2 protein chains.
Amino acid sequence: MKNETAEHSCPLTKAMANIGNKWKPIIVCVMHERNLRFGEIAARIPVISRKVLTDQLKEMELDGLLTRQEFKEIPPRVEYGLTEKGKALLPILKLLQEWETKFINQVSVV
Amino acid sequence: MKNETAEHSCPLTKAMANIGNKWKPIIVCVMHERNLRFGEIAARIPVISRKVLTDQLKEMELDGLLTRQEFKEIPPRVEYGLTEKGKALLPILKLLQEWETKFINQVSVV
DNA sequence: TTCATTGGTTACCTCCTGGTTACTATTAGT
DNA sequence: ACTAATAGTAACCAGGAGGTAACCAATGAA
């Protein structure tokens with residue numbers, strides 16, 4: 001979610017600019033226990049395209065949510081890991097999941 | 001954030017489909033203490049356009065986040081209020097704000 | 001008769017997001 | 001000589017999200 005006004009606006013807007021999109025919360029979640037290689041992330045989220053995954057990982061690195069470590073090997077190996085900022089998001093995302101699960105049927109059915 | 005796969009996917013994806021956009025978290029926040037009329041919400045979020053606000057409120061009503069009560073008066077009066085589901089979001093959004101504030105400077109500066 | 005008020009609606013437009021597909025580099029293994 | 005493996009890129013595209021501006025209905029007040 002691009003947001004030109006994010007810089008001079010409330011923390012909530014900035015937070016949503018960081019993780020308020022389709023894939024980023026999921027990427028954070030799948031990395032909860034250990035660093036993962038690019039291919040491992042892709043395997044855990046099979047429905048995401050490689051291009052979009054690359055884009056998201058780049059943005060998240062810039063936003064300080066995760067680190068990227070490139071090993072100079074052939075075939076290439078790249079490992080991604082959560083930063084402290086990224087890790088701090090985990091309990092919040094867990095709450096969000098619980099919230100969704102709790103109120104799963106409380107929508108107006110049209 | 002429209003999401004065709006939301007129905008058969010993880011709660012997190014569904015949660016983000018509910019509130020993962022530019023305005024909805026803010027709308028929830030400004031309604032934290034009491035019901036508000038359309039114009040009051042608009043006044044609390046001056047940068048949102050009327051059309052977008054209307055759209056968001058409609059979607060949030062459908063998603064069970066808030067209620068809409070129309071009084072048959074002239075000029076019209078419409079009051080919006082958080083549902084239990086919407087209220088349950090408040091502490092989570094508060095955590096998100098705190099998270100953002102805490103890590104506010106921890107981004108890679110390019 | 002005209003205006004102000006409220007809560008919208010309608011038509012239209014732009015740009016971003018996410019998506020597909022094909023392509024790349026480099027080395028080891030057969 | 002050819003293939004497999006990894007982590008991407010590049011070119012291109014459709015659709016949706018958010019935005020602007022003008023308009024509307026109903027009534028009381030001036």
Side-chain angles (χ1 to χ4, degrees), chain A residues 1-7 9 12-14 16-27 30-31 35-63 66-81, chain B residues 1-6 9-10 12-14 16-27 30-31 35-63 66-81:
Chain A
M1 183 171 43
K2 183 151 180 202
N3 209 325
E4 293 302 330
T5 59
E7 276 181 57
S9 62
L12 201 45
T13 298
K14 287 193 259 185
M16 293 314 284
N18 266 214
I19 57 141
N21 79 347
K22 187 170 177 179
W23 296 116
K24 285 176 188 172
I26 299 178
I27 294 173
V30 301
M31 301 187 59
N35 290 7
L36 294 178
R37 300 179 59 170
F38 181 86
E40 291 176 314
I41 302 175
R44 278 166 172 72
I45 316 174
V47 284
I48 197 175
S49 74
R50 299 179 85 68
K51 180 246 186 188
V52 174
L53 180 54
T54 312
D55 292 349
Q56 302 298 303
L57 291 173
K58 266 184 201 156
E59 287 178 19
M60 293 169 76
E61 196 194 351
L62 282 178
D63 288 337
L66 46 79
T67 56
R68 179 183 185 277
Q69 193 181 3
E70 195 174 335
F71 297 85
K72 292 298 178 189
E73 305 174 2
I74 294 292
R77 178 158 66 104
V78 178
E79 280 192 11
Y80 293 90
Chain B
M1 185 170 43
K2 184 156 178 197
N3 207 324
E4 293 301 331
T5 58
S9 60
C10 71
L12 201 46
T13 299
K14 286 192 261 185
M16 292 314 285
N18 266 215
I19 57 141
N21 79 348
K22 187 171 178 178
W23 296 115
K24 286 176 187 172
I26 298 177
I27 294 174
V30 300
M31 302 186 60
N35 290 7
L36 294 178
R37 299 178 61 170
F38 181 86
E40 291 177 315
I41 303 176
R44 278 166 173 71
I45 317 175
V47 284
I48 195 173
S49 73
R50 298 178 87 69
K51 179 244 188 189
V52 173
L53 180 54
T54 313
D55 292 348
Q56 303 297 304
L57 291 173
K58 267 184 201 157
E59 286 178 21
M60 293 169 76
E61 195 193 353
L62 283 178
D63 289 337
L66 45 80
T67 57
R68 177 182 186 278
Q69 192 181 3
E70 194 173 337
F71 298 86
K72 293 298 177 187
E73 306 174 358
I74 294 293
R77 177 158 66 105
V78 178
E79 280 193 10
Y80 293 91

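None of these values were measured; they are calculated from a predicted model. Protein chains get the first letters and strands the later ones, always in sequence-line order, with residue 1 at the start of each.
For A/Glu59 and C/dC16, the CD to C1' distance is 11 Å, given to the nearest whole Å. Following rounding to the nearest Å, B/Lys22 (NZ) and C/dC16 (P) show an atom-to-atom distance of 11 Å. Between the C1' atom of D/dG16 and the CG atom of A/Asn21 lies a distance of 14 Å, rounded to the nearest Å. Across the protein-nucleic acid pair, A/Leu36 atom CG and D/dG8 atom P stand 13 Å apart, rounded to whole Å. Rounded to a whole Å, the CD atom of B/Glu79 is 16 Å from the C1' atom of C/dG8. Atoms CD1 (A/Ile26) and C1' (C/dG18) sit 13 Å apart, rounded to a whole Å. Going from atom CD of B/Gln69 over to atom P of C/dG7 covers 13 Å, rounded to whole Å. One interatomic measurement links the two molecules: CE of A/Met16 to P of D/dA17, which rounds to 14 Å at whole-angstrom precision.
Between the CZ atom of A/Arg68 and the CE atom of A/Met60 there is a distance of 14.0 Å, given to the nearest 0.5 Å. Taken from CD1 in A/Ile19 to CG in A/Asp63, the straight-line distance is 10.5 Å, to the nearest 0.5 Å. Taken to the nearest 0.5 Å, the CG atom of B/Leu57 stands 11.5 Å off from the CG atom of B/Leu62.
Here A/Lys58 reaches the OP1 or OP2 of D/dT9: one of its side-chain N or O atoms lies under 4.0 Å away.
Between A/Asn21 and A/Gln56, the side chains place a donor N or O and an acceptor N or O closer than 3.5 Å (distance only, hydrogens not considered).
Within residues 70-78 of chain B, the residues having any heavy atom closer than 4.0 Å to DNA chain C are, in order of number, B/Pro75, B/Pro76, B/Arg77, B/Val78. Residues from residues 37-56 of chain A placing a heavy atom under 4.0 Å of any atom in DNA chain C, listed by number, are A/Ser49, A/Lys51, A/Val52, A/Gln56.
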Listed pairs under 3.5 Å, donor-acceptor, residues 40-53 of chain A side chains, sequence neighbours left out:
unit_1  : atom_1 : unit_2  : atom_2 : d
A/Glu40 : OE1    : A/Arg37 : N      : 2.7
A/Glu40 : OE2    : A/Arg34 : NH2    : 3.3
A/Ser49 : OG     : A/Val52 : N      : 3.2

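Inter-residue side-chain proximity for A/Lys24 and A/Asn18 is flagged as unmet; no heavy-atom pair is nearer than 4.5 Å. No side-chain heavy atom of A/Tyr80 sits less than 4.5 Å from a side-chain heavy atom of A/Ile27.
Closest non-hydrogen pair, A/Val78 versus A/Glu70, comes out as CG2-CG, 3.9 Å. Considering every non-hydrogen atom in both B/Met16 and A/Pro25, the closest pair reads CG-CG, 3.7 Å.
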